[in-house]
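Here's the structure, in structure tokens; my notes come after.
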Amino acid sequence: MSAAAIVTLVLTGVIVLALAWYLAQVVRVLAHVNDQLGKITFGVRAIAHRTVPLASLVGQIESDLGDVAGALEQLVADATQPAEQVA
């Protein structure tokens, strides 16, 4: 075997080892990302589960606020009506 063939085999081995190390690092990072995404998904689902009962409450609050807005509009109309009659 010539010296050029040995050098080629050694360099090929070094390149293969470097690529294997790099891919192992990528796998490690992706495993960490997968773990973090799992935790985030769990948290979002927990929040969604805890806010389900609020849907009916929000509807009731919206209805009550509509009534309050109507009463305030009537109050403003009543308060401004005598001022317009005097002027």
Side-chain angles (χ1 to χ4, degrees):
M1 220 181 207
S2 69
I6 293 173
V7 170
T8 302
L9 289 175
V10 169
L11 288 177
T12 303
V14 169
I15 290 172
V16 167
L17 288 175
L19 288 173
W21 180 81
Y22 178 74
L23 289 175
Q25 296 301 315
V26 169
V27 167
R28 186 180 61 81
V29 168
L30 289 177
H32 178 71
V33 168
N34 188 33
D35 181 52
Q36 294 298 319
L37 288 175
K39 290 177 184 176
I40 290 169
T41 302
F42 179 78
V44 168
R45 286 184 181 159
I47 291 169
H49 178 71
R50 297 192 95 191
T51 57
V52 167
L54 293 179
S56 61
L57 293 174
V58 169
Q60 181 62 35
I61 290 170
E62 184 179 7
S63 172
D64 292 345
L65 286 177
D67 295 342
V68 170
L72 287 175
E73 289 173 0
Q74 183 62 40
L75 182 65
V76 169
D78 291 344
T80 57
Q81 189 175 19
E84 292 174 357
Q85 290 176 356
V86 172

Can you sort out the partners of [X] under side-chain contact (heavy atoms from CB on, under 4.5 Å), two or more places apart, ordered by chain and number?
{"X": "T41", "value": "R45"}
{"X": "V33", "value": "V29, L37"}
{"X": "I6", "value": "M1, V10"}

For [X], what are the other residues in its hydrophobic cluster, where any two members join if their side-chain heavy atoms are less than 4.5 angstrom apart?
{"X": "I15", "result": "L19"}
{"X": "F42", "result": "none"}
{"X": "I47", "result": "none"}

Listing, residues 63-75 side-chain donor-acceptor contacts under 3.5 Å, not counting sequence neighbours, or none:
unit_1	atom_1	unit_2	atom_2	d
D64	OD1	Q60	NE2	3.1
Q74	NE2	D78	OD1	2.8
Q74	NE2	D78	OD2	3.4

Q. So among V26, N34, V27, which one has a side-chain contact (heavy atoms from CB on, under 4.5 Å) with L30?
A.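 Running side-chain contact (heavy atoms from CB on, under 4.5 Å) over V26, N34, V27 with L30 returns exactly one hit, V26.
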Q.
Suppose the criterion is salt bridge (charged side-chain N to carboxylate O under 4.0 Å, His left out): which pairs have a residue in residues 24-37, not counting sequence neighbours?
A.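 Qualifying pairs, neighbours excluded: D35-K39.
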Q | Residue pairs involving residues 11-22 (criterion side chain to side chain donor-acceptor pair (under 3.5 Å); sequence neighbours excluded) | A | none
Q) If you draw a 6.0 Å radius around CD in E62, do more than 12 non-hydrogen atoms from other residues or ligands fall strictly inside? A) no
